[in-house]
Amino acid sequence: MNDTGCIHLTNFKAAKGTNPYKIIHAFFVACTSYEARRYKATSCLCFSCGQPGPRMHSCLHCIYFACYGGHIQEHSKVKKHFLYVDLSYGNVYCAQCQDYIYDRELTEIAMSHRLKEAKSLGMCVPFTPWIPNNNEAMALRRLRKRRLISPHTTIGLRGLQNLGSTCFMNCIVQTLIHTPLLRDYFLGEKHKCKAQSSGKCLVCEVSKLFQEFYSGAKTPLTLHRLLHLIWTHARHLAGYEQQDAHEFLIATLDVLHRHCMNGVEDNGEKKENGRCNCIIDQIFTGGLRSDVVCTSCHGVSTTIDPFWDISLDVAGPGSLEACLERFTRAEHLGSAAKIKCSNCRAYRESTKQLTLETLPIVASFHLKRFEHSSQIDRKISAFVSFPAELDMTPFMSSHRRAVEAADNNNAPEGIFEDNRYSLFAVVNHVGSLDAGHYTAYVRQMKGSWYKCDDHMITRASLREVLDSEGYLLFYHKTVLEYECDVS
Amino acid sequence: MTVNNTIAHQRLILSGDRERFKELLRKRLIECGWRDQVRMLCRDVVRENESNNISFDMLVTRVTPRARAAVPDTVKKELLQKIKTHLLTQKDQ
């Protein structure tokens with residue numbers, strides 16, 4: 001797109017600079033502050049007809065607001081003020097060129113205002129597509145080889161050899177390989193290792209794995225190096241016997257998180273809220289809110305703890321939504337479970353409620369199908385249905401606040417929130433407690449599901465995935481939203 | 001379509017909720033494919049115009065009625081309902 005402006009705009013900029021545009025834009029197009037919004041709310045009316053629209057424009061040459069229903073055009077003709085700004089989008093119209101004109105300098109000013117506006121309103125930053133910098137553009141011109149992803153591609157799919165009951169590891173690896181944001185991070189080579197190729201960094205090993213999976217090669221891989229690294233850093237999982245896939249997932253995320261932040265040495269220092277800025281935390285960490293209400297004084301004691309997954313009790317056949325509803329239901333803690341109320345300074349009965357304060361980009365659900373007690377070890381095989389698309393709104397803390405506020409006639413929170421998630425991986429345990437086997441379904445692309453059974457990768461239908469028993473369920477936020485930089 | 005310059009309208013701008021509603025609408029219109037549809041409509045109009053001398057105003061005049069008609073009812077309903085609820089709860093405060 002031509003963004004060199006026009007001769008008329010260039011002349012105007014030479015005479016008056018970019019300030020006229022800057023001021024108009026900051027106050028009436030992308031309001032960068034509360035003050036600016038005040039001006040816009042009260043004075044943004046057509047000088048001719050008094051209406052706030054349609055399509056308000058501001059003259060660039062003088063102080064004059066007018067709508068596109070003939071009034072700005074009239075002003076322009078009469079005063080010979082040929083440049084005016086569209087207040088809906090910030091574009092400059094040149095009446096002499098009879099068209100909207102795009103100027104790189106003004107576009108950059110507009111962009112910086114939009115960022116300020118988003119920050120001022122606590123909104124997400126508008127998405128800007130990736131544009132290569134000079135080095136990247138040069139590299140792209142020099143390296144001419146391109147890979148075309150066709151609709152029937154099998155890229156990203158490779159089998160994994162079972163090294164003797166290592167199907168639990170294979171399933172978790174398949175899940176991670178097909179986690180979109182994680183894949184983008186590793187294929188973009190974002191990991192800068194502090195361990196200097198010592199061979200001990202799990203993140204480097206996973207990075208190599210991503211290269212293998214997306215190389216286009218089809219022979220099954222053997223993950224003995226990965227397995228060894230996990231054993232070294234998570235001793236409780238060492239050994240060739242069958243382990244629990246869920247435990248393996250948590251252990252793997254933990255080691256990756258430690259190695260991301262501190263290199264291989266374990267001198268971890270987490271931020272106060274338990275979140276660091278490593279890719280694992282950015283993708284997997286959410287906040288679980290616990291509210292304990294004293295039944296006597298109604299004082300609320302709140303804590304928010306970080307979580308990587310949600311473990312749900314399975315009480316007979318049902319649905320994932322029902323499990324989540326039970327999980328976030330207010331529970332009365334009986335007289336046998338009194339807690340010390342800091343307000344009453346005595347032991348009182350209370351109600352406790354868990355809700356989701358912040359959701360991770362990848363929400364992982366663990367259905368607690370394995371019961372281990374002193375009497376019995378058993379597996380609960382009851383069918384729990386789960387959807388391909390899941391809206392997490394009913395389980396959010398903000399939603400519960402909104403429901404309570406609505407009862408009190410206050411403004412609802414969260415009407416602008418988007419809590420939609422899409423299923424992208426399912427890990428299943430087939431068989432009994434003693435003789436079982438793990439398989440995984442992964443979504444290679446939208447509409448394309450594959451069953452991963454160790455070294456055997458086969459095409460699967462969504463119906464097949466949704467009919468499977470489900471042990472670990474992985475959902476990815478459907479629409480990504482970008483935060484403003486904290487500065 | 002004229003919008004009344006009421007206190008409600010001013011409040012929407014001041015609180016930033018007008019921007020938030022605009023963003024929600026933008027998101028929905030992209031998700032349902034409307035934006036891509038309108039892009040195609042614009043291409044069609046440019047092609048239809050044999051004289052190759054199409055102006056911005058001409059394009060807007062020709063595309064707007066078709067684009068308006070193409071907005072799905074579900075999107076209209078959702079936005080109207082959310083704005084209405086929002087304004088009603090604001091009113092009581």
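Lettering follows sequence order; numbering is per chain, from 1.
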Salt bridge (charged side-chain N to carboxylate O under 4.0 Å, His left out) partners of A:Arg55, counting only residues at least two apart: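 Checked A:Arg55 against salt bridge (charged side-chain N to carboxylate O under 4.0 Å, His left out); zero matches.
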Test item: A:Arg37 and B:Gln10 side chains (from C-beta on) under 4.5 Å apart, heavy atoms: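 In short, these two side chains do not touch, never coming nearer than 4.5 Å.
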B:Glu31 side chain near A:Val479 side chain, heavy-atom distance below 4.5 Å: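 The answer is yes; the side chains approach within 4.5 Å.
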Within the supplied structure, the quantity of interest is the number of heavy atoms (other residues, nucleotides, ligands) at a distance under 6.0 Å from [X] [atom1]; does it exceed 12?
{"X": "B:Lys76", "atom1": "NZ", "result": "yes"}
{"X": "B:Phe21", "atom1": "CZ", "result": "yes"}
{"X": "A:Arg38", "atom1": "CZ", "result": "no"}
{"X": "A:Ile63", "atom1": "CD1", "result": "no"}
{"X": "A:Phe47", "atom1": "CZ", "result": "yes"}

Residues from residues 56-63 of chain B approaching chain A under 4.5 Å (heavy atoms):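 The residues closer than 4.5 Å to chain A, in numerical order, are B:Phe56, B:Asp57, B:Val60.
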A:Glu35 portion near chain B, given a 4.5 angstrom heavy-atom threshold: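 Neither part, no heavy atoms under 4.5 Å.
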Trace of the salt bridge (charged side-chain N to carboxylate O under 4.0 Å, His left out) decision for B:Glu19 with A:Arg114: CA-CA 11 Å; B:Glu19 279 312 306; A:Arg114 282 198 202 290; over 6 Å; no
Minimum heavy-atom distance A:Ile415-B:Leu24, with the two atoms named: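 Result for this residue pair: O-CD2, 4.4 Å.
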Inter-residue atom distance B:Lys22.NZ - A:Ser88.OG, 0.5 Å rounding: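 Separation between the atoms: 5.5 Å.
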